[in-house]
Structures are given as structure tokens and as C-alpha cells.
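Sequence positions, counted from 1, serve as the residue numbers for this chain.
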Amino acid sequence: YATVTYERDKGRVLGALFAFESLGWGLACLMVRTSWVELPSPDFLDRLFQLSLGLSLFTAVVMQLFFHAPPLSNHDPQENRWRAMFHEWSVLYHDRKVLSMAAVLSAITCGSMIFLAWYTPYLCTHLGGSKELLGNSLGLGTFVAAMSFPLFGLLSDRIGRKPLILVSTVAYVALYWSFIYIRDPNLLALLYALPIYPAVRVALNAFLADMTSSSSRGGGLGVLEGAQAISSAVAPVLGGLVIWRFGYEGLPVAACALMVLTTVMVAKLLLGEPEAEPASCGSNGTGI
């Protein structure tokens with residue numbers, strides 16, 4: 001909806017949306033500093049579920065009262081909607097550019113999540129960091145992301161999506177290379193908050209939004225989110241296997257190696273592709 005409403009400023013509006021998402025994550029992470037953390041586990045979980053229920057109901061009421069979505073469909077009213085949907089779905093899953101973006105996001109997600117999924121035990125168990133340091137690190141990371149998402153969104157609109165994706169991937173290589181040698185939990189917690197992921201997420205989503213028309217954009221972004229979800233499930237398993245075989249010391253090494261391979265793949269896929277022009281809101285078909 002946001003990219004359709006603000007067709008020529010996709011990066012800016014996606015950056016703003018992701019910033020508020022990060023703000024919510026940051027507030028949740030800082031709950032370890034509340035008095036709730038001292039409660040027994042069942043009581044603590046009950047409080048969390050009650051809070052989640054309340055926030056969900058509040059969100060539902062706000063959406064019903066104040067959210068007025070623009071129309072997305074420009075199909076002929078007489079056509080079979082199910083047939084059109086399945087046709088567009090098949091086109092998306094056979095489009096090389098869409099699948100290339102999904103492959104890029106999968107590789108980046110896998111390379112980052114193989115470490116980040118095990119960040120808590122790595123920091124607290126392996127390096128001896130405290131729970132307070134963990135909460136502060138997660139909170140700082142999400143708040144920094146909330147501040148940087150809009151900046152990266154504007155940059156993606158000004159300099160293009162591809163440069164931002166390439167630079168971010170190289171930055172991930174440098175970050176995990178440094179993690180191999182860091183033994184100070186405070187330094188690791190600080191570096192964890194560097195806003196690399198915001199640049200990748202905004203640029204990739206805006207890039208794919210540029211390649212799709214308003215009528216097929218939900219499906220295109222769904223392909224991207226689905227690829228990320230699958231990688232987010234596979235990466236922790238790979239990280240667990242690395243820890244089982246090599247110990248925690250092997251975790252940043254594996255993440256760095258995967259990011260090096262990802263950088264090569266990103267450069268190969270993106271450097272040969274022309275920067276996509278924003279799709280027209282009034283166009284028919286998939287616009288890919």
C-alpha cells in the first residue's frame with residue numbers, strides 16, 4: 001500500500017515504515033530492564049501475553065477507524081479473479097529478476113542469521129556478557145535501525161538501490177571478520193548495533209517494488225519475504241551445526257565465509273542488471 005501511494009518515493013516511505021517496526025522491537029528488547037524480569041517465568045509470560053493481546057486489540061481498532069487503503073486492483077471487473085491471481089503468481093515465480101532478488105535476500109539473510117540467531121548465547125555464554133548488556137545491545141541496535149532506516153530510504157531514492165545493496169554486503173563481511181577476533185563482550189555488543197541490515201532491507205524491497213506494477217507488487221514482495229523466512233529458518237540450524245562441530249569460535253568464521261560468497265553472488269547478479277525504473281501505477285499486467 002505504501003509503495004503504491006508514494007510511487008516515486010518508495011525508499012523514503014519504506015524507510016519510515018521499517019523505522020517504526022524497529023522502534024517496536026527496541027521497546028520490547030528494553031523490557032528486560034523492567035521489574036517484570038524478576039517475576040517467575042510463568043507469570044512473566046502471562047504478562048507478555050496480556051500486553052500482546054491488548055496491543056493487538058488496540059491496533060485492530062485503530063486500523064478499522066483510521067486506515068483507508070487505496071485500491072490496488074485495476075483488473076476488468078468481469079475477469080475471473082482467481083484465474084488472474086494464479087496467472088500473476090506463476091509469472092512472478094518464473095521471472096528471473098524477481099528470483100534473483102529472492103536469491104540475494106536469501107543469501108544475505110542466511111549469512112547474517114547464522115550468527116545473529118545465536119547472538120544471545122555467543123555474547124552471554126561464550127564471551128561472558130550479562131543479561132543487561134544483552135538487552136542494552138538489542139535495544140540499541142533496534143533504535144539505531146529506527147533512526148537509520150529513513151536515511152537509507154532517502155539514499156536508495158537518490159543514489160539507487162544497487163550501490164546500497166553492494167556496499168552493505170561488503171560491510172557485513174568486514175563486521176563478521178572483526179567478530180572473529182573480538183573477545184570483549186562490550187565491544188561486540190556495540191558493533192552489533194551498526195545499521196547494516198536497514199540498508200539491505202530498504203534497498204532490496206524498493207528494488208523489487210520498482211520492478212513490479214501496483215497490481216502485482218504484493219505478490220512480488222511476498223516472494224521476497226517468503227525467501228527471507230525460509231532462510232531465517234535454515235540459518236539457525238546451520239549455526240547450530242557449526243557450534244556442535246567447531247564450538248562458538250567457528251560461528252563468526254562461518255558467517256564471514258558465507259558473506260564473502262554472498263558478496264560475489266550479489267556483485268554478479270546486480271552489476272549486470274540495469275537499475276529498474278519505477279513501475280507505473282496505471283499500468284496493466286505484471287509490469288516485470
Spell out, as yes or no, whether a donor-acceptor pair under 3.5 Å connects the side chain of S156 to the backbone of G153.
yes
With the side chain counted from C-beta on, respond yes when F58 and V61 share a heavy-atom pair under 4.5 Å apart, and no when they do not.
no
Drop me the distance from R12's CZ to R158's CZ, to the nearest 0.5 angstrom.
9.0 Å
Assigning hydrophobic clusters by single linkage (Ile, Leu, Val, Met, Phe, Trp, Tyr; side-chain heavy-atom cutoff under 4.5 Å), is M113 placed with L261?
no
Are the side chains of S112 and Y172 in touch, meaning some heavy atoms are under 4.5 Å apart?
yes
For a quick test of reading the model, state the closest non-hydrogen atom pair linking I114 to A254 and the distance between them.
CD1-CB, 4.1 Å
Verify side-chain contact (heavy atoms from CB on, under 4.5 Å) between I108 and M259, making sure each step is shown before the conclusion.
CA-CA 7 Å; I108 293 175; M259 275 302 174; 4.2 Å; yes
Derivation of the side-chain contact (heavy atoms from CB on, under 4.5 Å) call for T109 and V234
CA-CA 10 Å; T109 301; V234 172; over 6 Å; no
Within-4.5 Å side-chain heavy-atom neighbours: S22 and M147
no
What about I182 and L123, same hydrophobic cluster or not, with Ile/Leu/Val/Met/Phe/Trp/Tyr joined at side-chain heavy-atom distances under 4.5 Å?
yes
What's the separation between atom CG in L188 and atom CG in L175, rounded to the nearest 0.5 Å?
8.5 Å
Do Y122 and Y119 have ring centroids that are under 6.0 Å from one another?
no
Would you find more than 12 non-hydrogen atoms of other residues, nucleotides or ligands less than 6.0 Å from R245 atom CZ?
no
To the closest 0.5 Å, what do you measure between OG1 (T120) and NZ (K131)?
11.0 Å
Below 30° counts as parallel, above 60° as perpendicular, anything between as tilted: where do the rings of Y197 and F149 land?
perpendicular
Keeping S231 on the side-chain end and Q228 on the backbone end, is there a donor-acceptor pair under 3.5 Å?
no
Ignoring hydrogens and angles, tell me if any N or O in the side chain of T169 forms a donor-acceptor pair with the backbone of I165 under 3.5 Å.
yes
If hydrophobic clusters are built by linking Ile, Leu, Val, Met, Phe, Trp and Tyr wherever their side-chain heavy atoms come under 4.5 Å apart, do L151 and L17 end up in the same one?
no
Hey, could you give me the CH2/OG1 distance between W118 and T125, rounded to the nearest 0.5 Å?
10.0 Å
Nearest-0.5 Å distance that lies between atom CG in L238 and atom CG in L251:
10.5 Å
Closest approach of P195 to P198 (non-hydrogen atoms, all atoms of both residues)
C-CD, 3.5 Å
Please find the pair of heavy atoms, one from C110 and one from A235, that lie closest to each other, and give the distance.
O-CB, 3.8 Å
I need the Y192 OH to L140 CG distance, nearest 0.5 Å.
10.0 Å
Mind listing the closest non-hydrogen atom pair of A206 and L14 along with its distance?
N-CD1, 3.7 Å
side-chain contact (heavy atoms from CB on, under 4.5 Å) between C256 and F115, worked out
CA-CA 9 Å; C256 185; F115 180 88; over 6 Å; no
So, for I180 and R183, which heavy atoms are closest and what is the spacing to 0.1 Å?
O-NH1, 3.1 Å
Would a single hydrophobic cluster contain both M265 and V200, if residues Ile, Leu, Val, Met, Phe, Trp and Tyr are joined by side-chain heavy-atom contacts under 4.5 Å?
yes
Please name the pair of heavy atoms, one in A255 and one in G111, separated by the smallest distance, quoted to 0.1 Å.
CB-O, 3.6 Å
Starting from L133, can I reach L127 by hopping between I/L/V/M/F/W/Y residues whose side chains sit under 4.5 Å apart?
yes
In the structure I gave you, are the side-chain heavy atoms of L45 and F49 within less than 4.5 Å of one another anywhere?
yes
